[in-house]
2 protein chains.
Amino acid sequence: MTAPRDIPNNLLESLKSLGLTKYEALVYIGLLRVAGATATEIHEISGVPRASVYPVLDRLVQKELVSVSYITPKRFDAVPPDRGVENLMRRIETDAESARAALDALYREKRPEGRGNQEQVWTIYGEENIRTRLADMFRSAERSVEVLATWDLLPESVLTLLEAVPDSVSVDIVTDCWEGERPSRFGIHVLPLATLRETRSPPGKLLPYESSGVFLVDDARALLWVGSGGEQPSALYSESAGLVLFVRRHITSVTEWARTAAQ
Amino acid sequence: MTAPRDIPNNLLESLKSLGLTKYEALVYIGLLRVAGATATEIHEISGVPRASVYPVLDRLVQKELVSVSYITPKRFDAVPPDRGVENLMRRIETDAESARAALDALYREKRPEGRGNQEQVWTIYGEENIRTRLADMFRSAERSVEVLATWDLLPESVLTLLEAVPDSVSVDIVTDCWEGERPSRFGIHVLPLATLRETRSPPGKLLPYESSGVFLVDDARALLWVGSGGEQPSALYSESAGLVLFVRRHITSVTEWARTAAQ
DNA sequence: TAAATGTTGTTGTTACTATAACAACAAGGT
DNA sequence: ACCTTGTTGTTATAGTAACAACAACATTTA
């Protein structure tokens with residue numbers, strides 16, 4: 001194929017991830033604008049080689065994206081886009097569900113192997129995954145939860161998760177600002193963390209201090225949220241004694257530093 | 001690869017349709033049962049060649065299915081299945097939505113070409129697609145809607161769609177049985193269609209008469225529902241005068257036949 | 001016959017699969 | 001210090017399968 005002209009490339013990519021091949025996508029798109037076309041017409045419109053049009057149409061019929069008229073020559077028509085996409089998604093969702101079930105069985109079956117988790121530092125990619133891990137940490141807290149984070153992280157990603165912390169556990173939050181009501185069961189400390197921005201290590205260059213957070217549970221498990229500037233965020237999680245101690249010191253020292261600097 | 005032992009094949013297929021390759025699926029499955037494994041351990045468990053494990057893991061991290069621990073040697077862990085599948089589905093749903101939007105634009109933009117629809121007979125596959133077409137027919141009815149169908153089709157697939165018929169249009173339903181209340185605005189005729197079963201064309205063989213339906217709108221558009229025995233149902237749709245006339249005669253003759261046979 | 005339809009087979013291309021070999025490094029033995 | 005031994009991570013390079021692109025043929029229709 002020379003030129004799938006005027007077809008936005010990302011549309012082709014999207015359709016591919018729905019399980020269509022390039023030809024299938026082109027033929028379907030072509031059919032959306034011609035009503036009842038013959039194989040040759042489809043070939044002319046879509047740019048797909050005429051010989052390839054036939055098997056491709058077979059597959060599209062199988063996938064419930066086109067309907068056939070059995071006159072000679074055969075004529076084809078596309079089902080409307082919303083219906084068509086729904087037909088594709090139905091299959092995928094079925095697969096997703098059965099995969100989820102099968103994987104979950106494997107997951108539960110053999111997971112006793114809780115090997116040396118304690119000394120490792122895990123890197124977690126993606127906000128969703130980070131939130132899941134945070135939720136696990138909060139839910140399993142037994143004595144204390146400490147949060148040191150810039151305000152921009154708290155409302156959207158953290159505060160709701162904190163409701164899962166058991167009642168008997170103390171929760172302390174250090175942040176640089178607070179809007180809205182203050183939940184009474186949390187110890188909330190608003191400190192001018194923003195002044196940290198003026199710390200310069202490469203002289204003249206401001207350190208960004210946004211979308212960063214540190215979370216410590218029971219003085220035993222720590223998570224460091226790294227914003228990574230607009231990109232997909234990542235985080236470090238560890239139960240290693242060394243890193244936990246470091247985090248412990250970090251929280252106390254930042255708290256102290258900000259408290260004095262405010263005076 | 002020789003033996004992806006004890007991995008059900010349909011699980012691999014399901015994961016493939018979620019956008020994973022065979023290796024990606026095998027590695028992810030392997031990681032679900034080992035906690036923090038090294039590349040070599042993953043190779044032993046999953047059967048994937050050791051050299052292939054590294055790029056595969058890169059892709060899995062990119063897809064938010066595994067997390068990394070940067071000690072030497074690197075150790076890897078899988079995100080829980082429900083979260084992992086959700087991560088995959090999120091991408092696909094995004095693609096589906098953007099594809100749907102783009103296709104819809106194309107669809108609306110250029111669709112005036114309502115060429116010679118009138119003489120064609122369209123074959124429609126899949127119950128969902130048939131229902132969509134039926135809904136279109138009912139919604140656009142101007143004078144009359146006639147339904148001749150076995151009862152098993154009506155409640156689950158047809159009755160709700162009939163509510164879209166405009167008020168000024170007469171609706172007549174012929175079926176072999178009726179349960180529940182009878183909507184007053186429909187003309188309902190219960191006839192012993194079941195006796196048709198006893199019509200024998202290949203002597204000694206009963207003709208099935210289930211899940212079949214005939215729909216006629218304005219004496220101009222007809223749809224024939226073909227049950228196709230448990231499989232994906234299909235239907236014929238046409239605006240051709242010839243086929244419409246045939247359906248017209250079919251409905252009246254069956255009605256007459258059943259009425260006399262009942263006496 | 002001419003033109004168009006539908007089918008078949010072959011070749012190119014790509015992404016994934018599979019194997020082998022290599023350099024870098026650590027542990028252990030002489 | 002030197003040399004094995006084994007492991008990690010990387011690279012190169014065949015093999016394979018599905019798709020893409022093309023050519024040739026048989027079949028129908030006008």
Side-chain angles (χ1 to χ4, degrees), chain A residues 1-5 7 9 12-13 15-31 34 36-63 65-66 68-76 116 120 123, chain B residues 1-5 7 9 12-13 15-31 34 36-63 65-66 68-76 115-116 119-120 123:
Chain A
M1 274 251 310
T2 52
R5 36 182 189 286
I7 305 290
N9 203 296
L12 291 180
E13 286 306 313
L15 289 173
K16 267 191 207 171
S17 89
L18 295 182
L20 298 191
T21 70
K22 190 177 167 188
Y23 279 2
E24 288 166 354
L26 289 172
V27 166
Y28 180 63
I29 293 171
L31 265 179
V34 206
T38 68
T40 306
E41 289 170 337
I42 294 169
H43 147 67
E44 289 161 351
I45 292 156
S46 66
V48 173
R50 199 176 59 85
S52 302
V53 160
Y54 296 93
V56 165
L57 280 169
D58 289 344
R59 281 178 271 162
L60 286 175
V61 169
Q62 187 62 28
K63 289 175 180 168
L65 285 176
V66 315
V68 203
S69 171
Y70 287 104
I71 57 181
T72 56
K74 280 189 196 173
R75 287 189 174 271
F76 301 87
Q120 300 178 19
T123 307
Chain B
M1 275 253 310
T2 54
R5 32 181 193 287
I7 306 290
N9 204 296
L12 292 181
E13 286 307 313
L15 289 174
K16 266 193 209 170
S17 89
L18 296 181
L20 298 191
T21 70
K22 188 178 167 187
Y23 279 3
E24 288 167 353
L26 289 172
V27 166
Y28 180 63
I29 293 172
L31 266 178
V34 206
T38 68
T40 305
E41 289 169 339
I42 294 169
H43 148 66
E44 289 161 352
I45 292 156
S46 64
V48 172
R50 196 177 61 87
S52 302
V53 160
Y54 295 93
V56 166
L57 280 170
D58 289 344
R59 280 178 272 163
L60 285 176
V61 169
Q62 187 62 28
K63 289 175 180 168
L65 285 177
V66 315
V68 205
S69 173
Y70 287 105
I71 56 181
T72 55
K74 279 189 195 171
R75 287 187 174 272
F76 301 88
R115 166 206 341 185
E119 288 309 316
Q120 300 177 19
T123 307

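Here is how names work: the chains are called A, B, and so on, in the same order as the sequence lines, proteins then strands, and each is numbered from 1. Just so we're clear, the structure is a prediction, and the values are computed from it rather than from any experiment.
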With a 4.5 Å heavy-atom cut-off, do [X] and [Y] have their side chains touching?
{"X": "B/V68", "Y": "B/L57", "value": "no"}
{"X": "B/L65", "Y": "B/E24", "value": "no"}
{"X": "A/V48", "Y": "A/H43", "value": "no"}
{"X": "A/V61", "Y": "B/T123", "value": "no"}

[atom1] of [X] versus [atom2] of [N]: gap in Å, rounded?
{"X": "A/E13", "N": "C/dA15", "atom1": "CD", "atom2": "P", "result": "10 Å"}
{"X": "B/R50", "N": "C/dC22", "atom1": "CZ", "atom2": "P", "result": "14 Å"}
{"X": "B/Y23", "N": "C/dT19", "atom1": "OH", "atom2": "P", "result": "7 Å"}
{"X": "A/K22", "N": "D/dA18", "atom1": "NZ", "atom2": "C1'", "result": "14 Å"}
{"X": "A/H43", "N": "D/dC22", "atom1": "NE2", "atom2": "P", "result": "10 Å"}
{"X": "A/E24", "N": "D/dA21", "atom1": "CD", "atom2": "P", "result": "14 Å"}
{"X": "A/K74", "N": "D/dT27", "atom1": "NZ", "atom2": "P", "result": "17 Å"}
{"X": "B/L20", "N": "C/dA15", "atom1": "CG", "atom2": "P", "result": "18 Å"}

Quiz item: Hey, which of these two, B/T40 or B/P55, hits DNA chain D nearer its 5' end, going by closest nucleotide?
Solution: B/T40

Quiz item: Between A/K16 and B/A51, which is nearer to the 5' end of DNA chain D once each is assigned its nearest nucleotide?
Solution: B/A51

Quiz item: Hey, does B/S52 reach any base, or is it just sugar-phosphate, or nothing, if we go heavy atoms under 4.0 Å?
Solution: base

Among [options], which nucleotide has an atom closest to any side-chain atom of [X]?
{"X": "A/R59", "options": "C/dC16, D/dC19, C/dT5", "answer": "D/dC19"}
{"X": "B/Y54", "options": "C/dC16, D/dT10, D/dA21", "answer": "D/dT10"}
{"X": "B/P49", "options": "D/dT8, C/dT19, C/dG6", "answer": "C/dT19"}

Quiz item: Okay, side chain of B/R75, backbone of B/G36: is any donor-acceptor separation there less than 3.5 Å?
Solution: yes

